[in-house]
*Asks:* 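Dropping the structure in here first, questions after.
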Amino acid sequence: MARVEKRSVSKNKKAWHDYFVQEAFEAGVELSGTEVKSVRAGRVNLKDAWCDINNGELFVRGMHISPYEQGNVFNRDPIRRRRLLMHKREIMRLFGLLKQQGLTLIPLEVYFKGALVKVEIGLCKGKKQYDKRADIAKRDASREIDRAIKERNR
């Protein structure tokens, strides 16, 4: 069986800053009308998106898919809730983890896998302010080291 390439459309960089991602899952996303054309054009924003489970179904909320320019009357509400497609047992497992451990589900990335639109969702725990500062300091130190190495190799 041939390996299907993954083509990223949008990443939620803010999620990695605000949360510890403990586990990641892949889910299909139910799109309608011209939304797929907008996703192909890269017009997706995950910045303020989150996932919730309602009546045994998984939904993503706050994911902004801009209206397709030539779609006029066929365009849908850009921030409507969209159903995520996962097996029922996976959704129930996530529901149990969310209730027990006080975690949250955050969409991390939207991508194409072949012709299908997929969403990577992360099982996340919120960071405290001092955790965020420590991550920023670590990132800055790493950048300084990389710059110094480049400068020395010149």
Side-chain angles (χ1 to χ4, degrees), residues 1-69 71 74-143:
M1 184 175 211
R3 183 171 178 229
V4 179
E5 289 297 316
K6 175 178 155 178
R7 185 175 62 89
S8 183
V9 175
S10 176
K11 291 188 179 191
N12 189 352
K13 294 177 185 174
K14 188 176 182 221
W16 294 98
H17 176 72
D18 291 340
Y19 299 96
F20 292 112
V21 179
Q22 297 184 349
E23 199 171 347
F25 301 91
E26 179 180 79
V29 61
E30 188 177 85
L31 300 174
S32 62
T34 57
E35 290 177 324
V36 175
K37 290 184 179 187
S38 290
V39 171
R40 278 194 200 286
R43 310 223 23 211
V44 180
N45 187 345
L46 295 173
K47 185 177 176 185
D48 297 322
W50 76 99
C51 299
D52 67 344
I53 298 172
N54 191 2
N55 295 329
E57 294 183 318
L58 183 61
F59 293 95
V60 63
R61 297 176 184 264
M63 179 170 77
H64 187 278
I65 298 178
S66 296
Y68 185 61
E69 293 167 1
F74 299 107
N75 284 326
R76 302 292 299 262
D77 180 19
I79 55 171
R80 71 181 181 87
R81 76 178 189 170
R82 293 169 178 88
R83 185 188 336 248
L84 295 180
L85 308 172
M86 290 180 81
H87 288 285
K88 192 70 136 178
R89 96 177 152 268
E90 290 179 307
I91 294 173
M92 296 289 60
R93 178 176 170 255
L94 287 175
F95 184 72
L97 289 171
L98 293 174
K99 291 298 176 195
Q100 283 179 351
Q101 301 175 6
L103 302 173
T104 188
L105 290 171
I106 303 293
L108 303 173
E109 182 178 9
V110 174
Y111 56 92
F112 277 96
K113 193 171 185 180
L116 303 175
V117 179
K118 300 284 188 172
V119 176
E120 181 180 31
I121 56 174
L123 190 61
C124 302
K125 183 175 184 174
K127 288 184 181 179
K128 303 283 186 209
Q129 188 64 36
Y130 57 83
D131 292 325
K132 292 177 188 177
R133 282 192 218 118
D135 283 350
I136 291 170
K138 187 176 171 184
R139 182 192 68 212
D140 290 346
S142 175
R143 286 181 181 169

*Asks:* Going by salt bridge (Lys or Arg N to Asp or Glu O under 4.0 Å), name the pairs with one or both residues in residues 79-88, residues two or more places apart or in two chains.
*Replies:* Glu30-Arg83, Glu35-Arg80, Glu35-Arg82, Glu57-Arg83

*Asks:* Could you name each residue pair satisfying salt bridge (Lys or Arg N to Asp or Glu O under 4.0 Å) that touches residues 36-49, not counting sequence neighbours?
*Replies:* Arg43-Glu69

*Asks:* Could you give the side-chain donor-acceptor pairs of residues 115-125 under 3.5 Å, partners two or more places apart or in another chain?
*Replies:*
none

*Asks:* Check side-chain hydrogen bond (donor to acceptor under 3.5 Å, both in side chains) between Lys113 and all other residues, then give those that pass, not counting sequence neighbours.
*Replies:*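 Per chain and number, Lys113 pairs via side-chain hydrogen bond (donor to acceptor under 3.5 Å, both in side chains) with Glu26.
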
*Asks:* At their closest point, which heavy atom of Ala24 faces which heavy atom of Leu108, and how far apart are they?
*Replies:*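 It is CB-CD1, 4.5 Å.
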
*Asks:* Kindly write out the residues that satisfy side chain to side chain contact (heavy atoms under 4.5 Å, CB included) with Lys128, not counting sequence neighbours, or none if the list is empty.
*Replies:*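 Expected list: Tyr130, Asp131.
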
*Asks:* Could you tell me which residues satisfy side-chain hydrogen bond (donor to acceptor under 3.5 Å, both in side chains) with Thr34, sequence neighbours excluded, listed by chain and number?
*Replies:*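 Testing Thr34 for side-chain hydrogen bond (donor to acceptor under 3.5 Å, both in side chains), a comparison that skips the adjacent residues, returns Asn75.
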
*Asks:* Compare every heavy atom of Leu84 with every heavy atom of Ala27, then report the nearest pair and how far apart it is.
*Replies:*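 In this case the closest contact between Ala27 and Leu84 is CB-CB, 4.1 Å.
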
*Asks:* Which residues pass the side-chain hydrogen bond (donor to acceptor under 3.5 Å, both in side chains) test with Lys14, not counting sequence neighbours?
*Replies:* none

*Asks:* Shortest non-hydrogen contact from Val9 to Val39?
*Replies:*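 So the minimum-distance heavy-atom pair works out to CG1-O, 3.3 Å.
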
*Asks:* Taking only residues two or more places apart in sequence or in another chain, which ones pass side chain to side chain contact (heavy atoms under 4.5 Å, CB included) with His64?
*Replies:* Asn45, Ser66, Pro78, Ile79

*Asks:* Does Thr104 have any side-chain hydrogen bond (donor to acceptor under 3.5 Å, both in side chains) partners at least two apart in sequence or in another chain, and if so, which?
*Replies:*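 Scan of Thr104 (side-chain hydrogen bond (donor to acceptor under 3.5 Å, both in side chains), adjacent residues dropped) gives none.
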
